[in-house]
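What you see is a predicted model; the values in this text were computed from it and never measured. All chains are named by letter (A, B, ...) in the order of the sequence lines, taking the proteins before the strands, and each is independently numbered beginning at 1.
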2 protein chains.
Amino acid sequence: MSIRHTLLGFLNLRPRTGYELKKLMDRSTQAFWHARLSQIYPTLKVLEAEGLIASRVEPQVGKPDRRVYRITAQGRVELLEWLAEPVAHVEPGKSTALLKLFFSGFLEREQILTHLRRQLDAHRAELARLRDEIAPMVAAVVAETGLKREGMMWELVRELGERCERTTVNWLEDAIREAERLA
Amino acid sequence: MSIRHTLLGFLNLRPRTGYELKKLMDRSTQAFWHARLSQIYPTLKVLEAEGLIASRVEPQVGKPDRRVYRITAQGRVELLEWLAEPVAHVEPGKSTALLKLFFSGFLEREQILTHLRRQLDAHRAELARLRDEIAPMVAAVVAETGLKREGMMWELVRELGERCERTTVNWLEDAIREAERLA
DNA sequence: GGAACCATGTAAAGTGTTACATGATTTT
DNA sequence: AAAATCATGTAACACTTTACATGGTTCC
C-alpha cells in the first residue's frame with residue numbers, strides 16, 4: 001500500500017519522472033522501501049487517475065521523451081493523512097538469510113560457517129554502502145536544495161541503518177566464533 | 001517463496017498441524033518470517049500434492065479433527081537444496097514507520113516527536129517480548145526435545161533480534177533528543 | 001454471557017516480481 | 001564491440017492479505 005505514498009512523498013519535494021523516482025529510491029529508501037519500474041509506472045498512472053498527481057510530457061532530443069509528474073493539492077492531503085496515521089507496532093520483516101540459519105541446526109558445521117561468512121561479507125558491504133554512498137548523497141541533496149529539515153530526517157534514517165548494520169556485523173562475528181567451536 | 005520452506009523446516013523437526021505451525025511461527029520466526037493461517041493451509045495442500053509432505057487426519061473428542069502433516073524424504077531433499085542456496089546480498093526490507101519518518105521533514109516538530117515516541121514504546125515492547133517470551137520459549141523447546149544444535153541456532157537468531165531492537169531503542173532515544181531541539 | 005482457543009478452510013482483492021518489448025546514446 | 005544509461009511501458013504470474021464461513025469448548 002505504501003508505494004503510492006513513497007511516490008507522493010518524493011513528488012511533494014519536487015516534480016520528477018518515474019525513472020528518476022526509481023533511481024532516488026535506490027539511493028535513499030532502498031533499505032526500508034524499494035520497488036521496480038514495472039510497479040512504479042502503473043502506480044503513477046493510478047495516482048494520476050485518482051487526481052493525486054498530474055503529469056506533462058517533456059520532449060527531449062537524443063533521448064526518449066519524459067513524463068514529469070507533480071503532486072496536486074489533493075495528493076498533499078492524502079500524504080498528510082497517511083503521515084498522521086500512527087504506526088503502533090513493530091512491523092515484522094522477512095529475511096531468507098535468518099530463516100535459513102534458523103533451520104540449519106541439523107547441517108554440518110562447515111555449511112553453517114559458509115552461510116555466516118557469506119552474510120558477514122554482505123553486511124560489511126552494506127555498511128560501506130551506507131557510509132560511502134548514501135551519506136554523501138544525503139549531504140549533496142541537502143546542499144543542492146537547501147531542504148534542511150528533510151535532510152535531517154534522511155540522515156536520521158540513514159544513521160539507524162548504519163547502526164543496525166554494525167550491530168549485525170558484530171553479531172555475525174560472534175556467531176562465527178561460536179559456530180567454530182561446534183563439533 | 002519461503003513460506004513453503006518455513007513449513008518444511010518445522011516439519012523436519014516433527015509432525016504438526018497447520019494450526020500448530022502458525023502458533024510456532026508466531027513465537028519463533030515472527031520477526032523475520034510470518035504468515036496467516038489462510039496462507040498456511042493452502043500451502044500445506046500444495047506441498048502435499050507435490051509429495052514433499054504427507055498427512056493423516058486424527059479424530060479428536062470435544063475438539064475439531066486435526067490434520068497432522070509430516071515431511072517426506074523428497075521434502076527433506078527440497079529443504080536441503082534450499083538451505084544450500086547462498087543468500088549473497090542483504091535483502092531489503094519494508095518499514096512503513098521509517099518511510100513516514102523519512103518524509104516527515106515538512107511536518108511540525110510535535111507530530112514528528114509523537115511518531116518517534118510511539119515507535120520507542122513499540123520497540124521497547126518488542127525488546128521485552130524477545131527477552132521475556134521468546135527466550136524462555138527457546139529454552140523450553142530445547143529442554144523438551146533435546147534438540148541442542150537447533151536450540152543454538154534459534155537462540156542465535158533471537159540474540160540478533162534483541163541486539164537490533166536495543167540498537168533501535170537507543171537510536172530512537174537519540175532521535176527524540178535531536179528532534180526536541182528543533183524550532 | 002462474552003471472549004478467546006481449537007481447528008479447518010475458501011474466495012476475492014491487493015501487492016509485487018519476472019519476463020517481454022523498444023530503441024537511441026554514452027561509456028568502457 | 002559490448003555494456004550501461006536513459007526512458008517508457010504491458011502481461012502474466014506469484015505471493016500475501018482481508019473477508020467470509022463454521023462450530024464446539026474453555027476461561028473470565
Side-chain angles (χ1 to χ4, degrees), chain A residues 1-8 10 15-27 29-50 53 55-69 82 87 89 91-96 99, chain B residues 1-8 10 15-27 29-50 53 55-69 82 87 89 91-96 99:
Chain A
M1 203 54 210
S2 286
I3 180 60
R4 308 169 94 253
H5 299 107
T6 307
L7 301 175
L8 286 175
F10 280 121
R16 288 176 209 269
T17 68
Y19 192 84
E20 285 172 337
L21 286 162
K22 165 63 174 157
K23 277 196 307 174
L24 238 191
M25 285 180 73
D26 288 349
R27 278 159 210 294
T29 64
Q30 177 63 201
F32 52 95
W33 209 280
H34 64 104
R36 311 282 164 112
L37 278 168
S38 58
Q39 192 185 9
I40 291 173
Y41 286 125
T43 304
L44 286 170
K45 290 212 162 173
V46 170
L47 288 172
E48 185 164 36
E50 287 175 357
I53 61 178
S55 75
R56 80 196 129 75
V57 176
E58 265 182 22
Q60 292 196 123
V61 278
K63 285 181 186 178
D65 293 352
R66 22 188 277 144
R67 181 173 290 272
V68 182
Y69 290 92
W82 174 73
V87 185
H89 52 283
E91 302 153 280
K94 302 228 159 170
S95 165
T96 315
L99 201 58
Chain B
M1 202 53 207
S2 287
I3 181 60
R4 308 169 94 256
H5 300 108
T6 307
L7 300 175
L8 286 176
F10 280 122
R16 289 176 210 269
T17 68
Y19 193 84
E20 284 172 339
L21 286 162
K22 165 63 173 158
K23 276 195 307 174
L24 237 191
M25 285 180 73
D26 288 348
R27 278 158 210 295
T29 64
Q30 178 62 203
F32 52 94
W33 209 280
H34 63 103
R36 310 281 163 115
L37 278 168
S38 60
Q39 192 185 9
I40 292 172
Y41 286 125
T43 304
L44 287 170
K45 289 209 163 175
V46 171
L47 289 172
E48 186 164 33
E50 288 174 0
I53 59 178
S55 75
R56 79 193 131 76
V57 176
E58 264 183 23
Q60 292 195 122
V61 279
K63 285 180 187 177
D65 293 352
R66 23 188 275 145
R67 182 172 289 273
V68 183
Y69 290 92
W82 175 72
V87 185
H89 53 284
E91 303 152 281
K94 301 227 159 171
S95 165
T96 315
L99 200 59

Rounded distance in Å - [atom1] ([X]) to [atom2] ([N]):
| X | N | atom1 | atom2 | answer |
| --- | --- | --- | --- | --- |
| A:Asp65 | C:dT22 | CG | P | 19 Å |
| B:Ile40 | D:dC15 | CD1 | C1' | 14 Å |
| A:Tyr19 | D:dG9 | OH | P | 14 Å |
| A:Leu37 | C:dG16 | CG | C1' | 13 Å |
| B:Lys63 | C:dA4 | NZ | C1' | 14 Å |
| A:Leu21 | D:dA7 | CG | P | 12 Å |
| B:Met25 | D:dT17 | CE | P | 10 Å |
| A:Glu58 | D:dT8 | CD | C1' | 15 Å |

Has the side chain of [X] got a donor or acceptor atom that lies under 3.5 Å from a matching backbone atom of [Y]?
| X | Y | result |
| --- | --- | --- |
| A:Gln60 | A:Pro64 | yes |
| A:Glu48 | A:Ser55 | yes |
| A:Lys22 | A:Arg36 | no |

Ignoring the backbone of [X], work out which of [options] is nearest its side chain.
| X | options | answer |
| --- | --- | --- |
| B:Pro64 | C:dC6, D:dT16, C:dG16 | C:dC6 |
| B:Tyr41 | D:dT16, C:dA7, D:dT8 | C:dA7 |
| A:His34 | C:dT17, D:dT8, C:dG9 | C:dT17 |
| A:Arg36 | C:dT18, D:dC6, C:dT8 | C:dT18 |
| A:Gln39 | C:dG9, C:dT18, C:dG16 | C:dG16 |
| A:Pro42 | C:dT10, C:dT8, D:dT10 | D:dT10 |

Any A:Glu91 side-chain heavy atom under 4.5 Å of A:His89 side chain |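 Contact flag for A:Glu91/A:His89 side chains = yes.
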4.5 Å side-chain heavy-atom contact, A:Leu44 and A:Arg67 |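 Side-chain contact under 4.5 Å: no.
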Distance test, side-chain N/O of [X] to OP1/OP2 of [N], below 4.0 Å:
| X | N | value |
| --- | --- | --- |
| A:Lys45 | D:dT10 | yes |
| B:Lys94 | C:dT15 | no |
| B:Arg67 | C:dT8 | no |
| A:Gln60 | D:dA7 | yes |

Check every strand shown and say whether A:Lys23 touches a base, only sugar-phosphate, or nothing at a heavy-atom separation below 4.0 Å.
->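 Result for A:Lys23 = sugar-phosphate.
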Mind checking A:Lys22 for me? I need base, sugar-phosphate or nothing, with any heavy atom below 4.0 Å counting as a touch.
->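 Nothing: the residue A:Lys22, judged by heavy atoms under 4.0 Å, touches no strand.
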hbond_proxy A:Ser38 side chain to C:dT18 base (donor-acceptor, 3.5 Å cutoff) |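 Result: at least one qualifying N/O pair found.
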Partner of A:Arg16 by side-chain contact (heavy atoms from CB on, under 4.5 Å), out of A:Val68, A:Leu21, A:Leu7 =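 The passing option is A:Leu21.
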Let me know, please, whether A:Ile3 or B:Tyr69 comes out on the 5' side of the other along DNA chain C by nearest nucleotide.
->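 In this pair, the answer is B:Tyr69.
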